[in-house]
2 protein chains.
Amino acid sequence: MARKRTTYDPFNAIAEPNRRALLEALAGNSLTVSALALALGWNQPKVSKHLQVLKEVDLVVERKEGRFRVYRVNAQAMKPVQEWVTQFQAFWAPRLDALGDYLNEVQTGEQTDDEP
Amino acid sequence: MARKRTTYDPFNAIAEPNRRALLEALAGNSLTVSALALALGWNQPKVSKHLQVLKEVDLVVERKEGRFRVYRVNAQAMKPVQEWVTQFQAFWAPRLDALGDYLNEVQTGEQTDDEP
DNA sequence: TAAATATATTCCTATATTGGAATATGTCAA
DNA sequence: TTGACATATTCCAATATAGGAATATATTTA
């Protein structure tokens with residue numbers, strides 16, 4: 001059939017490079033749409049649209065201030081991603097890595113230069 | 001214009017729920033395509049196709065074993081995601097959160113019931 | 001009230017995928 | 001060699017976006 005909706009969880013929200021840029025720009029700061037547009041060199045609708053997606057998954061929070069909208073990051077919403085990813089951390093501990101890399105090389109047949 | 005290619009970095013690879021399921025199934029294990037298909041209740045092409053995407057971003061590693069292909073997770077490739085997400089961890093520390101939530105409520109004008 | 005400013009939304013187009021079915025490829029076993 | 005099995009790939013249809021342009025919706029200020 002077809003693609004499913006992909007945007008409406010934090011995993012998908014941060015999959016878009018522009019949205020990551022937006023979140024990086026907002027890390028620690030609270031910024032208006034136009035400030036973001038200026039900082040990133042995008043047009044305003046582009047900023048607004050990506051912000052809406054981030055807002056839908058709660059990665060950003062909006063506050064009205066006169067005719068401005070001030071956005072800030074809500075890092076809490078990143079937690080599910082962090083937790084999911086961290087599950088795998090057990091498998092990348094330095095020592096295991098070194099061993100794993102070695103085994104992988106051997107298995108993959110990445111022969112060292114001792115072949116004429 | 002149009003959408004960019006979205007699949008070829010770990011962020012996008014794990015944005016797809018099916019691919020996360022695949023990685024979860026492979027966490028700690030090494031499994032063949034058919035074993036995965038059985039475990040997840042998918043048809044074989046579906047498994048293979050998602051595995052290819054994961055392989056392209058190096059999230060899984062494949063090993064040939066007779067006519068089987070054994071896949072395993074390469075957690076190293078998850079590191080960029082983990083690091084990127086962790087940037088934001090500073091903003092979700094419990095105390096700050098509690099304060100932030102409170103301020104947010106106040107700012108948003110979430111008035112308590114003291115209004116008739 | 002009208003003009004200006006800030007932001008959101010709608011419309012439209014181009015393209016990226018996902019998924020299933022069918023098929024190709026590779027490998028083992030008789 | 002032939003058949004069976006495991007997996008990858010191709011083909012196709014349905015749909016989800018991203019992006020730009022134009023427009024709508026506040027809200028402030030003159």
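Here the structure is a predicted model, which means the values were calculated and not measured. Letters go in sequence order (proteins before strands), and every chain restarts at 1.
In this structure, NZ of B:Lys49 is placed 11 Å from P of D:dT9, rounded to the nearest angstrom. When rounded to the nearest whole Å, the span between CG of B:Asn43 and P of D:dT7 equals 13 Å. One interatomic measurement links the two molecules: CD of B:Gln44 to C1' of C:dA22, which rounds to 12 Å at whole-angstrom precision. With rounding to whole Å, B:Glu62 atom CD is found 16 Å from D:dA6 atom P. Taking atom CH2 on A:Trp42 and atom C1' on C:dT7, their separation rounds to 16 Å, with Å as the unit. Atom-to-atom, CG of B:Leu51 to P of D:dA8 comes out at 7 Å; the value is rounded to the nearest Å. Spacing between atom CG of B:Leu31 and atom P of D:dA6 amounts to 15 Å, rounded to whole angstrom units. As a whole-Å value, the separation of A:Lys46 NZ from D:dA18 C1' is 8 Å.
Between D:dT27 and A:Arg69, no contact under 4.0 Å exists linking OP1 or OP2 to a side-chain N or O. Distances shorter than 4.0 Å separate some side-chain N or O of B:Gln52 from OP1 or OP2 on D:dA8. For the OP1/OP2 pair of D:dT17 and a distance below 4.0 Å, the side-chain nitrogens and oxygens of A:His50 include no atom meeting the criterion. In this structure, A:Ser34 does not reach the C:dT5 phosphate: none of its side-chain N or O atoms is under 4.0 Å from OP1 or OP2. Neither OP1 nor OP2 of D:dA6 sits under 4.0 Å from any side-chain N or O of B:Tyr71. For D:dG19, the OP1/OP2 oxygens have a side-chain nitrogen or oxygen of A:Asn18 closer than 4.0 Å.
Without hydrogens or angle criteria, A:Thr86 side chain to A:Gln89 main chain gives no donor-acceptor distance under 3.5 Å.
With the nearest nucleotide of DNA chain C identified for both A:Arg67 and A:Lys55, A:Arg67 has the one nearer the 5' end.
Between B:Val70 and the choices B:Val61, B:Leu31, B:Thr32, B:Val33, the side-chain contact (heavy atoms from CB on, under 4.5 Å) rule is met once, by B:Thr32. Residue B:Arg19 forms a side-chain contact (heavy atoms from CB on, under 4.5 Å) with just one option from B:Val53, B:Ile14, B:Val57, and that option is B:Val53.
With hydrogens and angles ignored, no donor-acceptor pair under 3.5 angstrom links the side chain of B:Lys64 to the base of C:dG26.
Side-chain proximity of B:Phe68 to D:dA6, C:dA22, C:dT7: nearest is D:dA6.
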Hey, mind stepping through A:Gln82 and B:Gln82 against side-chain contact (heavy atoms from CB on, under 4.5 Å) and telling me if it holds? CA-CA 6 Å; A:Gln82 208 263 351; B:Gln82 208 263 352; 4.1 Å; yes
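By the rule that hydrophobic residues join a cluster once side-chain heavy atoms approach within less than 4.5 Å of another member, B:Phe68 and B:Leu51 end up as members of separate clusters.
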